[in-house]
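Structure first, then comments.
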Amino acid sequence: MEKINALKGFKDLLPGDSERWDWLALTARRTFDAFGFSPIHTPILERTTLFTRSIGETTDIVEKEMYTFEDWDGKQVTLRPEGTASVVRAFLEHRHQMPVLPVKLYYQGPMFRHERPQAGRLRQFHQVGAEIIGDIDPKQDIELLSLLTYFFKRIGLDNLTLEINSLGCPVCRPPYREILQDFFKKKLTTLCEDCNRRFHKNPLRILDCKKESCKTITTDAPASAKHLCTECDEHFKTVQQGLKTLKIPYQYSKHLVRGLDYYTKTAFEMTTQNLGAQNAVAAGGRYDGLVEALGGPATPAIGFAMGMERLMHLIPETKGMPSTLQLFIVPLGESAYQTLFPILYSLRKKKLRSEIGYSDSPLKKQMKQADRLNAEYVLIAGDEEIAAKKAILRNMKTKSQTEIGLSNLINEILAEIEG
RNA sequence: GUGAGUGUAGCUCAAUGGCAGAGCACUGGUCUGUGGCUCCAGUGGUUGAGGGUUCGAUUCCCUUCAUUCACCCCA
């Protein structure tokens, strides 16, 4: 029979990594909780139009990366490629059951994009994200950025760079876009092929081209933050002032842009040097127009998402270490097993991580298994011990052994191991 | 979608146009009811798959699949 493997870009998370993964998710939960965010879980499958309308018809995600198919009843459905659209949809659908504005929500779960896998990029990947819906005040931007910064500090990553920029709004972005196009118009012949394509589709994207030849040209390109309307300009200044007050280090990145169409005003990224080409660990920004675009009342909002797999590459191996086996029970013979198995059950109910060997295996073999499982203690009993109503408790590290009477075995073991 | 690299034992990797190897892991012995360490022995491969050149291909050529990295894009 032919072996069946996981699909390209879909990964199993095995013991060892799973514990770190859970630790990361739990730490996120606790941190977001402290900042006043509530959890939300939305479906993985949504109507396709939710994403075409929110992310943007002409983005790569919508054009060629979504897992879209026709449901049995003929509906066009899509595996979510990101989380914000679903959260906003759920907000609108249940807004009368939501607490007063602003609503602060966080989520975590799998996202799907059909891309060619590479370092830090999978087809099924996982994001943790947070959204603040219903307040245009820059105080919310500051709060969200403080949450982001603190979370990274809490998981032991303090060498990341917070880059911020302002992309403007429907008032000031179109004129800026024209200024930018004017700037690049004379330089089209020296820009790369991709940038020539970007010139028409999304000229802002030229600003973060990776080619050196383009980079030298873009150095002098006009910055969006220098062409903001009064409202956006004040907003951006207040955000920066707030970060300074909280002593949150950041870098103004005049050419930082966002890939999804719905972003406005504040845009930001957390980047690292240790992840290969995919250097963004978290990213987000304001999306004041999205709620309205999805059929709701005009409602400003801001949010971000972090890539779990990318975080996993960065956090120390020691975080969330798998718990060690505290006790391995060695029964020598069937009658010993019959006596010891109920004891194992009792110990497990007392939350002692414990295991039992095969009663028909020789002592040597069972000891070897205990050693391989990294057991801290081993409890040994054969016919002799059972007849004498006792068992041997061995400390695998110190090699010291004590005899324990069966009558009070459970308490004595717990005292020895946990005491 | 585009480009480059890599596919040999469970894992990490050698080698050669002429019998396919090592280390680790595994099994057993050394050590009959006491693990790790030592020493000894053993199991394990259609060299990713298919085709071509050749007396002979794991090696050279073509195709294909898988995988990695990069571009694109993005968390």
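Here the structure is a predicted model, which means the values were calculated and not measured. Order of the sequence lines fixes the chain letters, A, B, ..., with proteins taken first and strands second; residue numbering starts at 1 for each chain.
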> Quick one: the side chain of Arg121(A) and the base of rC73(B), do they pair up donor-acceptor inside 3.5 Å?
Replying inline: yes

> Think Lys364(A) has a side-chain N or O under 4.0 angstrom from the OP1 or OP2 of rG35(B)?
Replying inline: yes

>> Let me spell it out: for each of Ala6(A) and Arg198(A), pick the nucleotide of RNA chain B with the closest heavy atom. Which residue's pick is nearer the 5' end?
In response: Ala6(A)

> Of the nucleotides rA70(B), rC73(B), rG33(B), which one has an atom closest to the side chain of Ile380(A)?
Replying inline: rG33(B)

> Counting a pair only when it is Watson-Crick or G-U and both distances are under 3.5 Å, which runs of at least 3 such pairs involve RNA chain B?
Replying inline: B:1-7 with B:65-71, B:10-13 with B:21-24, B:26-29 with B:39-42, B:48-52 with B:60-64

>> What is the separation between atom CG on Leu275(A) and atom C1' on rC69(B), rounded to the nearest whole Å?
In response: 13 Å

>> Would the distance check show the side chain of Thr52(A) and the main-chain N or O of Glu57(A) forming a donor-acceptor pair, the cut-off being under 3.5 Å?
In response: no

> How is Glu193(A) classified with respect to the nucleic acid when contacts are heavy atoms under 4.0 Å: base, sugar-phosphate, or nothing?
Replying inline: nothing

>> On the nucleotide rU67(B), are OP1 or OP2 found under 4.0 Å from the side-chain N or O atoms that Arg116(A) carries?
In response: no

> Does Lys201(A) NZ have over 12 foreign heavy atoms under 6.0 Å away?
Replying inline: yes

>> Using a heavy-atom cut-off of 4.0 Å across all strands, would you classify Gly120(A) as base, sugar-phosphate, or nothing?
In response: base

>> Please confirm whether the shortest side-chain N or O distance from Gln366(A) to OP1 or OP2 of rU34(B) is below 4.0 Å.
In response: no

> What integer number of Å spans the P atoms of rG52(B) and rA4(B)?
Replying inline: 27 Å

> Taking the nucleotide of RNA chain B with the closest heavy atom to each, which residue, Leu122(A) or Ala277(A), is nearer the 5' end?
Replying inline: Ala277(A)

> Is a side-chain donor or acceptor of Gln366(A) paired with a backbone partner of Ser361(A) at a separation under 3.5 angstrom?
Replying inline: yes

> What is the distance, rounded to the nearest whole Å, between atom CE of Met367(A) and atom P of rC31(B)?
Replying inline: 18 Å

>> Between rU58(B) and rG50(B), how many Å separate the two P atoms, rounded to a whole number?
In response: 11 Å

>> What is the distance, to the nearest angstrom, from the CG atom on Leu207(A) to the C1' atom on rC73(B)?
In response: 16 Å

> Does any N or O donor sit under 3.5 Å from an N or O acceptor when you compare the side chain of Arg258(A) with the base of rC74(B)?
Replying inline: no

>> Please determine whether any donor N or O and acceptor N or O are separated by less than 3.5 Å between the side chain of Lys210(A) and the base of rC71(B).
In response: no

> Which listed nucleotide (rG35(B), rG33(B), rU67(B)) is nearest to the side chain of Leu332(A)?
Replying inline: rG33(B)

> Is any NZ, NE, NH1 or NH2 atom of the basic residue among Lys368(A) and Asp371(A) found under 4.0 Å from an Asp or Glu carboxylate oxygen of the other?
Replying inline: no

>> Can you tell me which nucleotide in rA75(B), rG1(B), rU34(B) comes closest to the side chain of Ile392(A)?
In response: rU34(B)

>> In whole Å, measure the gap between the C1' atoms of rU59(B) and rG21(B) for me.
In response: 15 Å

> Rounded to whole angstrom units, what separation is found between the CD atom of Gln369(A) and the P atom of rU27(B)?
Replying inline: 10 Å

> Is a donor-acceptor pair below 3.5 Å formed from side chain Glu63(A) to base rG1(B), judging by atom type as modelled?
Replying inline: no

> To the nearest Å, how far apart are Arg123(A) CZ and rU68(B) C1'?
Replying inline: 14 Å

Got a list of side-chain donor-acceptor pairs under 3.5 Å for residues 22-40 of chain A, not counting sequence neighbours?
residue  : atom : partner   : partner atom : Å
Thr27(A) : OG1  : Trp23(A)  : O            : 2.7
Thr31(A) : OG1  : Thr27(A)  : O            : 2.7
Thr31(A) : OG1  : Arg154(A) : NH1          : 3.4

> So does Arg372(A) get a side-chain nitrogen or oxygen closer than 4.0 Å to the phosphate oxygens (OP1/OP2) of rC26(B)?
Replying inline: yes

> Which one, rC69(B), rA75(B), rC74(B), comes nearest to the side chain of Gln118(A)?
Replying inline: rC69(B)

> In whole angstroms, how far is the C1' atom of rA70(B) from the CD atom of Glu212(A)?
Replying inline: 15 Å

> Nearest-Å distance, CE (Met66(A)) to C1' (rC74(B))?
Replying inline: 15 Å

> How is Arg113(A) classified with respect to the nucleic acid when contacts are heavy atoms under 4.0 Å: base, sugar-phosphate, or nothing?
Replying inline: base

>> Please report the distance separating the C1' of rC61(B) from the corresponding atom of rG44(B), rounded so that it comes out in whole Å.
In response: 32 Å

> For Lys390(A), which of Glu385(A), Glu403(A), Glu384(A), Glu412(A) qualifies under salt bridge (charged side-chain N to carboxylate O under 4.0 Å, His left out)?
Replying inline: Glu403(A)

>> Looking at Lys215(A), I'd like to know if its NZ atom is crowded, meaning that more than 12 non-hydrogen atoms belonging to other residues, nucleotides or ligands lie closer than 6.0 Å.
In response: yes

> Do the side chain of Gln127(A) and the base of rC74(B) come within less than 3.5 angstrom through a donor-acceptor pair of N or O atoms?
Replying inline: no

> At their closest point, which heavy atom of Thr238(A) faces which heavy atom of Ile142(A), and how far apart are they?
Replying inline: O-CD1, 3.7 Å

> If you check every side-chain atom of Lys365(A), which of rU34(B), rG28(B), rA75(B) has the closest atom?
Replying inline: rG28(B)

> For Tyr250(A), what residues pass the side chain to side chain donor-acceptor pair (under 3.5 Å) criterion, not counting sequence neighbours?
Replying inline: Gln240(A)

> Would Arg258(A) and Glu269(A) pass as an ion pair if we require N to O under 4.0 Å?
Replying inline: yes

> Below 4.0 angstrom from OP1 or OP2 of rU68(B), is there any side-chain N or O of Lys11(A)?
Replying inline: yes

> Given atom CZ of Arg80(A) and atom C1' of rC74(B), what is their separation to the nearest angstrom?
Replying inline: 17 Å

